[in-house]
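Take a look at the structure below.
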Protein chains: 2
Amino acid sequence: MAVKRNGTQGKRSQRISVSLQSVQEPLSEPPLSLERIVATAVELLDAQGVDGLTMRRLADRLGSGVMSLYWHVDNKEEVFDLALDSVLEYRGPPQMVESQDWRGEVVHMLDDWRASMLRHPWSASLLPRRALGPNILGRLELLSKTLSRAGVADTDLNVAIWSLWNYVMGATITRGSFDLSDDDRAAAQQRLTSERYPTIERSRLLLDSDWDGAFRKGLDFLLDGLAPG
Amino acid sequence: MAVKRNGTQGKRSQRISVSLQSVQEPLSEPPLSLERIVATAVELLDAQGVDGLTMRRLADRLGSGVMSLYWHVDNKEEVFDLALDSVLEYRGPPQMVESQDWRGEVVHMLDDWRASMLRHPWSASLLPRRALGPNILGRLELLSKTLSRAGVADTDLNVAIWSLWNYVMGATITRGSFDLSDDDRAAAQQRLTSERYPTIERSRLLLDSDWDGAFRKGLDFLLDGLAPG
DNA sequence: ACCTGAACACCGTTCAAGT
DNA sequence: ACCTGAACACCGTTCAAGT
């Protein structure tokens, strides 16, 4: 507790100590920009979840005052919209050639979509409540084009797209939330052992499920029906 | 602006006027109870949405102090859990006889599930993030039992249940959020008319979709695959 | 057993102002 | 053009206390 060394901290310290100043802060921040704001928001969301994103905390991480954010952004909602869309960029399948294997392409697109969201567990539950950004629309466009090229009639196209969208969204949201809350699952399983839910207790529905396998199987069945041949 | 009449307001008014005191308040409240709290929370959620539910507003509606709620309830999370589960009670199919038509039963159950959630638009987007209450578990149990009786093998049961769950959840969440935000859809449609999304612009994906029809069709395809015969 | 108000540590955002 | 601090109108919850 050498008191002397305090002097080396310089003119800035006025109270106890700048306890939150972390090491990785480069001490001279790059200027604020929309890109930095969005990237930092994603970091914060990854680390702390939806409730962890706060304009004040965000500004802290960026080394700026809270209100500085509002020059780049209208409000907190917009931060959510931008963070969400930034996480859903699609780089496309390995080779861009006109593939014959439309079904493989569709599966790849939806797998990638799901994987992107599972990498950022806050994103899936957020998406349905937010505006559709350019990356999301881009994915929908590509999916439409592929199905259309595969021979799905125009009259069936919207049904096909929404069925697939619904399925992917549901699977990802559920999967993500089950990963998050081990406590809740344990608690639920407790409640199961009461006599009232024999069937799902026997099948160990809440414990043993093979999420990835279930996702692929259900998707296959949907595709069988939506675009036969 | 007759100043005189102020006197008739009685001893209670100390500032301007008790402007929020609505007419339907019976002036002598029934005592606080978990049931009243949950029912009022549902009212508030229906009226104002997820962000509209506030412990302070809830207490206001109940005619009690904020902190009185905390004797009946641990925290706000629990209010959410209880409100959600209370909205998902299942009354069962019209006749309880051992029907031969398992597929009709399953469709009825999932239709009812979706309808219950659409009646309370906040519920769908809330469900994946919350613990599974008894009503939700009851629905899963009934669904399992029906599929099992229909001949789905034990090894395929979890896949079947989760595929259906995912599909229903996704469909309901998406549908509900699209109903909520006409503005966003209009905005998205604006963006579509830019040259970048020709296919979904042509199919009018965001405008013309027949949600109920798409739901039923996708569900049929899933059931075809999951439980043939 | 049931209810309460004051207080604490937070929020998002407006506003008027600084460079 | 870009950033800021003070202030406002809110939050959920702790605590110590009342009946």
Side-chain angles (χ1 to χ4, degrees), chain A residues 12 14-16 18-21 25-41 44-45 47-84 122 126 129-131, chain B residues 12 14-16 18-21 25-41 44-45 47-84 122 126 129-131:
Chain A
R12 192 158 41 169
Q14 19 183 18
R15 305 240 163 177
I16 318 284
V18 201
S19 61
L20 281 182
Q21 189 111 324
E25 191 185 347
L27 227 117
S28 109
E29 302 281 352
L32 228 41
S33 69
L34 200 54
E35 290 80 39
R36 276 191 74 221
I37 292 177
V38 173
T40 309
L44 201 47
L45 284 163
Q48 319 249 30
V50 182
D51 293 336
L53 179 59
T54 274
M55 295 305 268
R56 287 168 146 97
R57 276 208 271 258
L58 186 53
D60 249 34
R61 279 211 181 205
L62 289 160
S64 76
V66 201
M67 294 318 298
S68 312
L69 302 175
Y70 285 83
W71 196 89
H72 302 267
V73 130
D74 275 353
N75 48 36
K76 192 185 175 182
E77 303 276 285
E78 195 182 334
V79 178
F80 273 126
D81 287 343
L82 294 170
L84 179 61
W122 47 273
L126 214 57
R129 303 201 280 164
R130 312 245 51 101
Chain B
R12 194 156 42 170
Q14 20 184 17
R15 305 244 161 169
I16 320 286
V18 201
S19 60
L20 282 181
Q21 188 113 325
E25 190 185 350
L27 226 116
S28 107
E29 302 281 352
L32 227 42
S33 69
L34 199 55
E35 289 79 42
R36 277 191 72 222
I37 291 177
V38 173
T40 309
L44 200 47
L45 284 163
Q48 317 248 31
V50 182
D51 293 336
L53 178 59
T54 273
M55 295 304 269
R56 285 167 146 97
R57 275 208 273 258
L58 185 52
D60 250 33
R61 279 211 181 203
L62 289 160
S64 76
V66 202
M67 293 319 297
S68 313
L69 302 175
Y70 284 84
W71 196 89
H72 302 267
V73 131
D74 275 353
N75 46 39
K76 192 185 177 182
E77 302 277 285
E78 194 182 334
V79 177
F80 273 126
D81 287 343
L82 293 170
L84 178 61
W122 46 274
L126 215 55
R129 302 200 282 164
R130 313 245 49 101

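Reminder, nothing fancy here: chain letters follow the sequence lines and each chain counts from 1. Computation of the quantities below employed the complete heavy-atom set of this structure, encompassing side-chain atoms and omitting hydrogens, waters and symmetry-equivalent molecules.
If you take CG on Leu84(B) and CG on Leu126(B), they are separated by 5.5 Å, rounding to the nearest 0.5 Å. In this structure, Asp74(A) CG and Leu69(A) CG are separated by 12.5 Å, a value rounded to the nearest 0.5 Å.
Put simply, Ser68(B) has a side-chain N or O that comes within less than 4.0 Å of OP1 or OP2 on dT4(C). Within the structure, every side-chain polar atom (N or O) of His72(B) is placed at least 4.0 Å from both OP1 and OP2 of dA1(C).
Asp60(A) places its CG atom 11 Å from the P atom of dC10(C), with the value rounded to the nearest Å. Rounded to whole Å, the distance from CG on Leu53(A) to P on dC10(C) is 16 Å. Atom C1' of nucleotide dA1(C) and atom CG of Leu32(B) are separated by 13 Å, given to the nearest angstrom. Atom CZ in Arg36(B) sits about 10 Å away from atom P in dC3(C), given to the nearest Å. Summarising the geometry, the separation between CG on Leu69(B) and C1' on dC11(D) is reported as 14 Å, rounded to the nearest angstrom. Put simply, CD on Gln48(B) is 15 Å from C1' on dC11(D), counting in whole angstrom units.
Going from the P atom of dA17(C) to that of dC2(D) covers 22 Å, rounded to whole Å.
A 4.5 Å side-chain heavy-atom check between Met55(A) and Val79(A) finds at least one atom pair inside the cut-off.
The minimum heavy-atom distance between Val73(A) and Leu34(A), with the atom names listed, is CG2-CD1, 3.8 Å. Residue Val50(A) comes nearest to Leu45(A) through the heavy atom pair CA-CD2, 3.9 Å, listed as atom of the first residue, atom of the second, then distance. The minimum heavy-atom distance between His72(A) and Ser68(A), with the atom names listed, is CD2-O, 3.6 Å. Considering every non-hydrogen atom in both Phe80(A) and Leu53(A), the closest pair reads CE2-CD2, 3.8 Å.
Taking a pair to require two hydrogen-bonding distances under 3.5 Å in either a Watson-Crick or a G-U wobble arrangement, dA6(C) pairs with dT14(D).
Looking at the side chain of Thr54(B), the nearest of the listed nucleotides dC3(D), dG12(D), dC3(C) is dG12(D).
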Polar atom pairs (N or O), protein with nucleotides 13-16 of chain C, under 3.5 Å:
from, atom 1, to, atom 2, distance (Å)
dT13(C), OP2, Tyr70(A), OH, 2.7
dT13(C), OP2, Lys76(A), N, 3.0

